[in-house]
Visitor: 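Have a look at the structure that comes next, please.
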Protein chains: 2
Amino acid sequence: MRDIFISAGGRLLADWQQVCPEGAVFKESAALNADVGQALIWLHVNAGNTESMLADVAGLLGRFAQARVLVLANAPDTNEAVAAFQQGAAGYCHAYSSADVLGEVRRVVQLGGVWLGPEVLQRLITVGRTMVGSSQTKINATLDQLTPREREVALKAAEGLSNKLIARELDITERTVKAHLTAIFERLAIRDRLQLALMLNDRQG
Amino acid sequence: MRDIFISAGGRLLADWQQVCPEGAVFKESAALNADVGQALIWLHVNAGNTESMLADVAGLLGRFAQARVLVLANAPDTNEAVAAFQQGAAGYCHAYSSADVLGEVRRVVQLGGVWLGPEVLQRLITVGRTMVGSSQTKINATLDQLTPREREVALKAAEGLSNKLIARELDITERTVKAHLTAIFERLAIRDRLQLALMLNDRQG
DNA sequence: AAAAATATTGTACCAAGGTACTAGACCCCG
DNA sequence: CGGGGTCTAGTACCTTGGTACAATATTTTT
């Protein structure tokens, strides 16, 4: 996917060039004549001119159906961002974002995603916040299904300890460790200790 | 809105049942014959089979225009999530999510929304970038020590797949999988696949 | 062109994980 | 007191994971 950078100033942003060393640069969207195909167009806009930005986005998308347009704003504004997305932009971010961020944005957009900055997200998403922090709750809910002794065994197994080591630490035989594990696997409906590790170590929601 | 649960294993997840006590369970998407109308279809998928998941999602959406499809992944993967959304899924979350989370997901989707998990969110949010980015970098640094083929094997092993399954998916013999794993263990200076899973799944930052 | 890395597979073997069936000791509750 | 859950553990057995000691073909690097 080609990268095309459009900036009124025509000046190339250093970080952008780092992300897209092969990218082409234009001074204005009108300068794009030939069909660009599946290009990724980075539209660098100045503050306070939402109207012309929207017109540019609409124009580009109209002329190049296969292209995706990303807006780089010198002074990002949530309202402007929402407007850009309504117009069909695939992303809207700070023009002076670091190369890391720009790379990530590019990746997301290339994968067909829409990149949303934090402010825009908060505006669009009402849920989430509470949910994000609830993974610990999930783990506890999992552990609550187990007896105290099973919990001890489960945690040690999820840390990667062998049955022999668990047995030594809990001062029981290896056979008993196996017995607990069998009970754990059945109760949690999983196959083996690796699945257990995934359940207990995965901090995702 | 009816809830329909599809799992290859046909096993009902306890938390899911709690959220959808009235839900129907099927072993495979093909088992859904009659039109389900405005149903909410929970598609439980195993790790590492993105293709078949996407096919399932596409098939379901094609057959039941009014239905919404939610993907429950045993081993969530951001790329897979993005792919699922591209295919038209209304949500993608961890199969072992707690009932609380599942209920919230259900609510959002029923209201016509698209549910984005924290991992996908964090991928999109710049704020979480520093933290998430560092651990991601760490993981990448780990993976960079491996050859391309070894990376594939390592990731699948870390997801909990058995050698047999990995072999099948990569279309090589189980012996070769073992050879790669032995090389991986030596290079990363770890003992077994569980340690590998801990290394690659640790998203603490 | 030679050397090194990568990818593949074989046979054999041992250790570890996990299951089946069983069972005694202990504790709590109705 | 008896039933049920918990913790413990034995023997036996099977499966999976991992290593040792190979070999061959392809690609990449030097």
Side-chain angles (χ1 to χ4, degrees), chain A residues 139-202, chain B residues 8-11 14 46-49 74-75 96 139-202:
Chain A
I139 293 175
N140 288 338
T142 299
L143 291 173
D144 278 352
Q145 297 177 54
L146 308 177
T147 69
R149 202 53 161 170
E150 285 167 358
R151 260 193 295 280
E152 292 184 78
V153 174
L155 287 172
K156 285 180 191 299
E159 277 175 27
L161 298 197
S162 68
N163 289 343
K164 199 187 294 272
L165 271 179
I166 298 173
R168 204 172 296 161
E169 291 201 9
L170 297 184
D171 199 33
I172 52 182
T173 67
E174 200 177 332
R175 179 61 190 89
T176 305
V177 173
K178 287 184 176 183
H180 285 310
L181 280 174
T182 300
I184 290 166
F185 297 154
E186 191 188 348
R187 188 131 353 132
L188 300 183
I190 54 180
R191 288 191 311 284
D192 51 36
R193 64 209 297 120
L194 189 11
Q195 299 298 317
L196 182 64
L198 292 178
M199 280 185 88
L200 297 185
N201 290 311
D202 205 348
Chain B
R11 183 173 56 76
N46 290 324
N49 207 337
N74 270 346
Y96 299 125
I139 293 175
N140 287 339
T142 301
L143 290 174
D144 278 352
Q145 297 178 55
L146 307 177
T147 69
R149 201 55 162 168
E150 285 168 357
R151 260 193 293 280
E152 292 184 76
V153 174
L155 287 171
K156 286 180 190 298
E159 279 176 23
L161 297 200
S162 68
N163 289 343
K164 199 188 294 271
L165 270 179
I166 297 173
R168 205 172 297 161
E169 291 200 10
L170 297 184
D171 200 32
I172 52 181
T173 66
E174 200 176 332
R175 178 63 191 84
T176 307
V177 174
K178 287 184 175 183
H180 285 309
L181 280 174
T182 301
I184 291 165
F185 297 154
E186 191 187 350
R187 188 134 350 137
L188 301 183
I190 53 179
R191 290 190 309 284
D192 50 37
R193 65 209 298 119
L194 189 12
Q195 300 298 318
L196 182 65
L198 293 178
M199 278 185 88
L200 297 184
N201 290 309
D202 192 12

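Numbered from 1 within each chain, the chains take letters A, B, ... in sequence-line order. All values reported here derive from a predicted model rather than from experimental measurement.
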Visitor: Using a 4.0 Å heavy-atom cut-off, write out nucleotides 15-30 of chain C from 5' to 3' as B (base contacted by protein), S (sugar-phosphate only) or - (no contact).
Guide: --BBBBB---------
Visitor: Report the distance from atom NE2 of B:H180 to atom P of C:dG10, rounded to the nearest whole Å.
Guide: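 It is 13 Å, rounded to the nearest whole Å.
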Visitor: Please walk me through it: do A:L170 and A:V177 pass side chain to side chain contact (heavy atoms under 4.5 Å, CB included)?
Guide: CA-CA 9 Å; A:L170 297 184; A:V177 173; 5.6 Å; no
Visitor: Between C1' on D:dG10 and CD1 on A:I172, what's the gap in Å once rounded to a whole number?
Guide: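 Interatomic distance, CD1 of A:I172 to C1' of D:dG10: 15 Å.
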Visitor: Can a donor-acceptor pair be found between the side chains of B:N163 and B:R193 at a distance below 3.5 Å?
Guide: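 Their side chains do contain a donor-acceptor pair, which is all the 3.5 Å distance test asks for.
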Visitor: Figure out the CD/C1' separation between A:E150 and D:dC7, and round it to whole Å.
Guide: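 Checked: the CD to C1' distance equals 9 Å.
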Visitor: Measuring from B:E152:CD to B:H180:NE2, what's the distance to the nearest 0.5 Å?
Guide: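 Output value for this atom pair is 8.5 Å.
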Visitor: Do B:E159 and B:K156 sit within salt-bridge range, that is, some charged N less than 4.0 Å from a carboxylate O?
Guide: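 Looking at B:K156 together with B:E159, the answer is no, because their closest N to O distance does not fall below 4.0 Å.
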Visitor: Rounded to the Å, how far apart are B:E186 CD and C:dT6 C1'?
Guide: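 Those two atoms, CD and C1', are 15 Å apart.
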Visitor: Is the shortest distance from a Lys or Arg side-chain nitrogen in B:R168 or B:E174 to a carboxylate oxygen in the other one below 4.0 Å?
Guide: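 No, this pair does not count.
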Visitor: Nearest whole Å is fine: how far is D:dG18 P from B:L196 CG?
Guide: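 Interatomic distance, CG of B:L196 to P of D:dG18: 9 Å.
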Visitor: Whole angstrom is fine here: how far is it from CG in B:D171 over to P in C:dT8?
Guide: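 To the nearest whole Å, that distance equals 10 Å.
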Visitor: If you only use heavy atoms from C-beta on, which nucleotide in D:dA9, C:dA7, D:dC7 is closest to the side chain of A:T176?
Guide: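 Taking heavy atoms from C-beta onward, the closest nucleotide is D:dA9.
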Visitor: Taking it one step at a time, do A:L188 and A:L146 satisfy side chain to side chain contact (heavy atoms under 4.5 Å, CB included)?
Guide: CA-CA 9 Å; A:L188 300 183; A:L146 308 177; 4.2 Å; yes
Visitor: NA contact type, B:T147, heavy-atom cut-off 4.0 Å: base, sugar-phosphate, or nothing?
Guide: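 Sugar-phosphate only.
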Visitor: For A:E152 and D:dC7, give me the distance from atom CD to atom C1', rounded to whole Å.
Guide: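 So the two atoms are 11 Å apart, to the nearest Å.
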Visitor: Show the nearest heavy-atom pair for residues B:R151 and B:L143, with the distance to one decimal.
Guide: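 Heavy atoms only, the tightest pair is NH1-O, 2.9 Å.
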Visitor: Using a 4.0 Å heavy-atom cut-off, does A:T173 contact any base of the nucleic acid, only the sugar-phosphate backbone, or nothing at all?
Guide: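 Sugar-phosphate: the residue A:T173, judged by heavy atoms under 4.0 Å, touches backbone atoms but no base.
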Visitor: B:Q195 CD to D:dG17 C1': how many Å, rounded?
Guide: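 After rounding, the gap between these two atoms is 14 Å.
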